[in-house]
Enquirer: 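Quick one: the structure is below, questions incoming.
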2 protein chains.
Amino acid sequence: MSRLPVYLRCLVDLPDGQVTCSSDQLAAIAGVNSAQVRKDLSYLGTHGVRGVGYTITELRAQLRLALGLNKGYSVAIVGAGNLGSALGTYPGFDAWGFRVVAIFDLDPTKVGMKIGDQEVLAITELERAVRRQAVDIGIVAVPAGAAQDVADQLVAAGVRSILNFAPTVLHTPEWVETRRMDVSTELQILTYHLQLGSEAATDM
Amino acid sequence: MSRLPVYLRCLVDLPDGQVTCSSDQLAAIAGVNSAQVRKDLSYLGTHGVRGVGYTITELRAQLRLALGLNKGYSVAIVGAGNLGSALGTYPGFDAWGFRVVAIFDLDPTKVGMKIGDQEVLAITELERAVRRQAVDIGIVAVPAGAAQDVADQLVAAGVRSILNFAPTVLHTPEWVETRRMDVSTELQILTYHLQLGSEAATDM
DNA sequence: CGTTGTGAAGGTCTTCACAGCC
DNA sequence: GGCTGTGAAGACCTTCACAACG
């Protein structure tokens with residue numbers, strides 16, 4: 001469920017002194033309905049206390065468990081351009097147990113470059129390195145034209161989760177979970193709404 | 001509707017010779033159901049031809065119009081770190097009529113730096129510059145702690161669309177459309193599914 | 001009294017299935 | 001024959017509303 005990470009982050013951001021949190025409060029911070037919060041949390045087999053709320057530490061632990069954040073995960077980044085570099089040095093991974101264990105690029109002039117604590121490897125090394133490091137999650141940060149090929153290689157190397165930054169739809173076997181993060185798409189959704197707004201204004 | 005940008009991109013990527021496209025083909029490329037495609041397109045008042053499909057050029061034009069891509073949009077980026085820099089030089093904006101007209105940062109050592117064709121401005125300039133340039137879309141690429149403050153400033157300067165890369169939920173007036181793009185959240189959704197998969201395996 | 005947990009109602013989004021048309 | 005457009009069915013998700021409880 002895609003709201004759980006949001007709840008977890010909200011709970012982590014709560015002031016230190018606070019011990020319990022009501023569904024109302026969490027809902028307000030997370031920007032959702034409070035019945036929604038309770039329903040979501042009831043899936044985790046939580047035990048909130050009526051009249052009081054949820055114990056923050058307990059709830060955090062349960063969310064971490066549900067999201068599988070009790071284990072660590074190995075992440076490989078493919079593409080060492082601007083985006084790949086930004087991701088490779090992103091400080092927010094550690095906190096949730098994500099470790100970048102490899103970065104690949106096709107461009108020979110980039111191979112050997114240092115990004116964070118990783119040296120960029122040639123893309124020809126991908127399958128071997130990904131297999132050896134038992135990579136859990138592959139991040140595709142290459143141009144659209146190369147994305148499907150990279151995804152195929154990741155899948156062939158045993159990766160079962162892919163985060164795709166390329167502006168293209170990846171086709172993967174059904175046992176591979178793929179998510180897309182595409183700036184242009186998001187911007188276009190925003191303009192769609194801007195557009196709707198101005199149409200409505202014209203109607204008057 | 002969030003699938004329209006995907007359709008549009010798929011259509012643009014189609015081989016040059018092809019004149020028409022069936023809902024089946026578009027569905028296959030975009031990774032959705034074909035009835036879905038037809039329903040989505042019927043909203044645009046399209047006129048596909050039975051037995052043939054949709055005329056690609058016509059459909060592209062209709063999608064562009066529906067998404068409001070016939071006008072150009074001014075974009076401001078707040079935050080000139082790794083991410084802000086990557087976005088400021090992202091070549092994919094132009095094609096859809098997005099123009100980065102300003103980049104801001106709090107850090108005085110970054111002010112004056114050149115990113116793409118823009119000089120980084122002090123964040124104190126934000127409201128004035130955003131207003132003068134009639135910015136349509138603000139991109140928040142600052143640390144979580146600063147994000148709400150930046151969003152408030154963007155809203156105060158008249159921005160009605162925000163794309164938020166900070167790992168936090170922004171609270172904005174209801175006339176402001178906000179979308180979140182957060183790598184950690186996406187990774188956590190992936191681990192949630194990995195987790196479910198391994199639980200199911202344990203059950204056997 | 002305040003808040004949870006949840007059945008039931010209400011929405012929305014997706015898919016099916018097929019008539020209608022080229 | 002092949003494909004669109006769409007009513008109807010179905011699946012899923014969200015919200016309401018309130019009994020149950022500390």
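Proteins come first, then strands; the chains are lettered A, B, ... in the order of their sequence lines, and each starts at number 1.
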Enquirer: Could you check how far NE2 of A:His47 sits from P of D:dC21, rounded to whole Å?
Expert: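 Whole-Å distance recorded here is 11 Å.
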Enquirer: Which residues, if any, of residues 9-26 of chain A bring a heavy atom under 4.0 Å of DNA chain C?
Expert: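 Under 4.0 Å from DNA chain C: A:Ser22, A:Ser23.
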Enquirer: Rounded to the nearest angstrom, tell me the gap between atom OH in A:Tyr54 and atom C1' in D:dG22.
Expert: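 In whole Å, D:dG22 C1' lies 14 Å from A:Tyr54 OH.
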Enquirer: If every non-hydrogen atom of B:Val142 is compared with every non-hydrogen atom of B:Ala166, which pair is closest and at what distance?
Expert: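 Heavy atoms of B:Val142 and B:Ala166 come nearest at O-CB, 3.5 Å.
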Enquirer: Holding to side chain to side chain donor-acceptor pair (under 3.5 Å), I want the full list of residues that pass it with A:Gln133, two or more places apart in sequence or in another chain.
Expert: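 Applying side chain to side chain donor-acceptor pair (under 3.5 Å) to A:Gln133 gives none.
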Enquirer: Quick one: side-chain contact (heavy atoms from CB on, under 4.5 Å) partners of A:Asn33, sequence neighbours excluded?
Expert: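 So A:Asn33 forms a side-chain contact (heavy atoms from CB on, under 4.5 Å) with A:Ala35, A:Gln36.
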Enquirer: For the pair made of OH in B:Tyr7 and P in D:dT4, what is the distance, rounded to whole Å?
Expert: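 It is 12 Å, rounded to the nearest whole Å.
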Enquirer: Name all residues meeting the side-chain contact (heavy atoms from CB on, under 4.5 Å) criterion together with A:Ala27; count only those two or more places apart in sequence or in a different chain, and write none if there are none.
Expert: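 A:Ala27: side-chain contact (heavy atoms from CB on, under 4.5 Å) contacts with A:Val32, A:Ser34, A:Val37.
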Enquirer: Are any of the side-chain heavy atoms of A:Leu87 and B:Val183 separated by less than 4.5 Å?
Expert: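 Yes. Closest side-chain heavy atoms under 4.5 Å.
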Enquirer: Check the distance between C:dC16's P and B:Arg38's CZ and give it to me in whole angstrom.
Expert: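 Going from CZ in B:Arg38 over to P in C:dC16 covers 11 Å.
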Enquirer: Taking only residues two or more places apart in sequence or in another chain, which ones pass side-chain contact (heavy atoms from CB on, under 4.5 Å) with B:Ser2?
Expert: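 Partners of B:Ser2 by the side-chain contact (heavy atoms from CB on, under 4.5 Å) criterion, ordered by chain and then number, come out as A:Ile189.
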Enquirer: Under 4.0 angstrom, heavy atoms only, what part of the nucleic acid is A:Ser34 near: base, sugar-phosphate, or nothing?
Expert: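 If one applies the 4.0 Å heavy-atom cut-off, A:Ser34 turns out to touch nothing in the nucleic acid.
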Enquirer: Protein within reach of the bases, or only the backbone? For nucleotides 7-15 of chain D, mark each nucleotide 5' to 3' as B, S or -, using heavy atoms under 4.0 Å.
Expert: BB-----SB
Enquirer: Under the side-chain contact (heavy atoms from CB on, under 4.5 Å) test, which residues partner B:Ser85, sequence neighbours left out?
Expert: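 B:Ile115.
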Enquirer: What residues form a salt bridge (Lys or Arg N to Asp or Glu O under 4.0 Å) with B:Arg60, not counting sequence neighbours?
Expert: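 B:Arg60: no salt bridge (Lys or Arg N to Asp or Glu O under 4.0 Å) contacts found.
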Enquirer: Could you pull out all residues at least two apart from A:Arg9 that satisfy side chain to side chain donor-acceptor pair (under 3.5 Å)?
Expert: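 Testing A:Arg9 for side chain to side chain donor-acceptor pair (under 3.5 Å), a comparison that skips the adjacent residues, returns B:Asp182, B:Thr185.
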Enquirer: With sequence neighbours excluded, what pairs up with B:Glu177 under the salt bridge (Lys or Arg N to Asp or Glu O under 4.0 Å) test?
Expert: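 Scan of B:Glu177 (salt bridge (Lys or Arg N to Asp or Glu O under 4.0 Å), adjacent residues dropped) gives none.
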Enquirer: I'd like a list of close polar pairs between nucleotides 19-22 of chain C and the protein, N/O only, cut-off under 3.5 Å.
Expert:
{"residue": "C:dG20", "atom": "N2", "partner": "B:Arg50", "partner atom": "NH1", "Å": "3.3"}
{"residue": "C:dG20", "atom": "N3", "partner": "B:Arg50", "partner atom": "NH1", "Å": "3.0"}

Enquirer: Report the residues that fulfil side chain to side chain donor-acceptor pair (under 3.5 Å) with B:Thr57, sequence neighbours left out, ordered by chain and then residue number.
Expert: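 With neighbours one apart ignored, the set is empty.
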Enquirer: Quick one: A:Tyr43 OH to C:dG5 C1', roughly how many Å, whole number?
Expert: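 In whole Å, C:dG5 C1' and A:Tyr43 OH are 13 Å from each other.
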Enquirer: For B:Ile56 and D:dC3, what is the distance between atoms CD1 and P respectively, to the nearest whole Å?
Expert: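 To the nearest whole Å, that distance equals 14 Å.
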